[in-house]
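To start, the structure under review is shown below, and the notes come after it.
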Amino acid sequence: MFCKKVKTTSTQLGYLFMLNLALVATHSYGQDKVLTVETSHHAIALNVNAKKDLSIIYLGERLAYPDEYMHVEGAYRQPEDYTGLYNAAYTPSGSRNLLEPAITVIHADGNTSLDLQYVNHDVENVQEGVSLLKVFLEDPAYPFEVTLFYKSYYKEDVVEQWTEIKHRENGDVQLLKYASANLYLKAGSFYLRQYHGDWAKEMQPEEAKLTHGIKTLDSKLGTRANLFQPSMFMVSLDKPATEDEGEVIFGALEWSGNFRTDLELDPKDNLRILSGINNDASSYTLPAGKIFTTPAFLYTFSDKGKGQASRNLHNWARNYKLTDGKGSRLTLLNNWESTYFDFNEQKLKELLKDTKKLGVDLFLLDDGWFGNKYPRNGDNAGLGDWAENQAKLPHGIDSLVSEATEDGVKFGIWIEPEMVNPKSELYEMHPDWVIKQPKREEYYFRNQLVLDLSNPEVQGFVYGIVDGLFRKNPGLAYIKWDCNAVIYNAYSAHLQHQSHLYIDYIRGLYKVLARIRAKYPNVPMMLCSGGGGRVDYGALQYFTEFWPSDNTDPMERIFMQWEYSYFFPAISSSNHVTDWGKQPLKFRIDVAMMGKLGFDIVIPKLSQEDLGFCQDAVATYNNIKQVIWQGDQYRLSDPGKHSVASMLYMANDKKNGILFNYLVNNRYDQGSMLPVRLTGLDPGMKYRITELNLYPGTPSSIDADGVYWGDFLMKVGFNPQVNVSRSSVVLKISKAD
Ligand code: GLA
């Protein structure tokens, strides 16, 4: 390896850029150059050698002395790299590479080889704390260029990486593979935590040691791409990271379509991670002069366990990614599970009154409000025909919005604008707008097909649905955007190159969403996909929140929300109180409070006592929601390992917190035998702990007069007194005067 050969003669510390906090620097060592991207705690160091190869020489905890990144390789005694490319920053194929490539192409002349050499780089100060390193690479034998982008968020310790590909060849180039990022990690062993699922079973974790060869996480579903597996994952170094200990990297692709992440333990025992759009059935024809831009791969590295990594992502998402991440959210009453398709204007007007009575901000009208020739009275007809059903809503949405305003609540609506039922006027009018193979029998997912969003006409139609709703009903305050089907029989009547469909579909979707956001920048929108089939930061940048799962059984939700919470902040998680599961109302409400609270129950069926409890809970939530949405989240007792689950949200100033505790094991005499050790408190601050959300008439077994030092609560802990008769306990932690 070059590192062993090159002696560090001089260290020219040439900071190209050091404005505010973001840090990108270059150091020269003889003919070698090192580019470092450093955030507050982690760093990636890239090396340019005399042959102009760009490689990753370090990824991990930030070193105190940046000129020492150059010495990392020399500290290892590992087998030889026969190619000098195992640690390439963007591995080309067809030349000397022997491992999984980041990019594979067929040049205009039919040649399949690619080499990429460093040309130069550029650093941009995007805003305070955010910098963008661009590294320009080109093939010495072909006019073919790749630019690597590293956008670093200093305080949040997050990096987004993506790639631009372009050429000036005589004809089109075929892109067979085009990763967003290509990382390289060194450790004694690597442990992958990944997720799998299905409808109502989202975010089921699995953790295993990576063995040599390639482990691939991918989706080929087109839309609803996360149904079986999301792109989020974690890799721990040397041993599985715990909540507060260990080195761990969290990664995910910002893309709502087919993705592919290869984790390759290479012949040197190092880990290569290549992530991007799934190239399966998706070769892309790139004309000369055009740019192919990949989506971003995002990652955060923590040397203090999974908890810190999750808080990095929460801060990053709230500060930079989610729509209105630092803003507020609306509590709501949804009618899906209380009415399904069976409602009319009268029933909805009563529901508006119930919304007011409950004390939440908004009523959300779900599926079933549209379609006339083919009324949407079930999931087999009407999808695509976005006009109010005359029989159900003779006075339109308009009158409901006005009625809501009179009742003092807001009004929101469900749409699924990317989809069509074959039994619809839309399908009859525009069969060419539908994704389906012309020579094959149609095959349905929930009786529906997917519209061809690669077609600009269809994009215009989908945009028009949302824009039309807002223009006709300026008081409309909320959209739930659903996406229930996957793509079968992928074929577009619009596209010249069929293998572009999966990519151009998602690009079309993002164009529509960007256009909606340009006109309606802050309107709250929930991202739903038959549950959590599309929870990713590519889509979430246009949404304020997501629907984690149709499974709202609170016992299941404790586990699911726990896993989601590693990657997404509580403010983005829509949690509704429903009739799923066997847990008491209090338990259901407590679990739903650990995010953005909503209800989907029949209010008139509640007893006076239950209704009173719900109303009080909404009022309580309004007092504590700020800490849950904007605070720091600490997972204290893992439901996967213990009988009690405990989750803490602490305000940034450490003066207030909310601690949720649940019994998750119904075996004899289970409960909080041990105190729960708190994290994130000020050791030198005194705290009082009181119980919230008590069901009327239930005494608390918590001593409201007790005052404890943060030091004690973090070293010894506090017992929430969870047992079978106190299966759900919410505690308020406040600075004692
Ligand atoms: C999907 C959603 C549900 C509901 C129904 C309506 O399943 O996940 O919340 O909106 O569609 O058909």
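Note that these values count all heavy atoms, side chains included, but never hydrogens, waters or copies made by symmetry. Note that ligands are numbered from 1 as they come in the structure, with each ligand's atoms numbered from 1 the same way.
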Original post:
Who gets closest to atom 10 (O) of ligand 1 by heavy atom: D366, N484, N334?
Top reply: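 Considering heavy atoms of D366, N484, N334, the nearest to atom 10 (O) of ligand 1 sits in D366.
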Original post:
Who gets closest to atom 8 (O) of ligand 1 by heavy atom: D600, N335, D550?
Top reply: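 The option holding the nearest heavy atom is D550.
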Among protein heavy atoms, which lies nearest [atom], and at what distance?
atom	result
atom 9 (O) of ligand 1	K480 NZ, 2.8 Å
atom 11 (O) of ligand 1	D482 OD2, 2.9 Å
atom 12 (O) of ligand 1	D367 OD2, 2.6 Å

Could you tell me which atoms of ligand 1, counted from 1 in the order shown, lie closer than 4.0 angstrom to a heavy atom of [X]?
X	answer
G531	8 (O)
W547	8 (O), 9 (O)
G530	1 (C), 7 (O), 8 (O)

Would the distance check show the side chain of [X] and the main-chain N or O of [Y] forming a donor-acceptor pair, the cut-off being under 3.5 Å?
X	Y	value
S219	A225	yes
S607	D610	yes
N389	K392	yes
R515	Y463	no

**OP:** Would you kindly specify which portion of R446 sits under 4.0 Å from ligand 1, judged on non-hydrogen atoms: side chain, backbone, both or neither?
**Re:**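 Side chain only.
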Subject >> Part of C528 with heavy atoms under 4.0 Å of ligand 1, whether side chain, backbone, both or neither >> reply: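 It is the side chain that touches ligand 1; the backbone stays farther off.
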Original post:
Between D550 and W547, do the side chains contain an N or O donor and an N or O acceptor separated by less than 3.5 Å?
Top reply: yes
Original post:
Can you find a side-chain donor-acceptor pair between W481 and E418 that sits under 3.5 Å?
Top reply: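 Indeed, the side chains of W481 and E418 share at least one donor-acceptor pair under 3.5 Å.
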Original post:
Say you draw a straight line from CG of N693 to CD1 of I658; how long is it, rounded to the nearest 0.5 Å?
Top reply: 9.5 Å
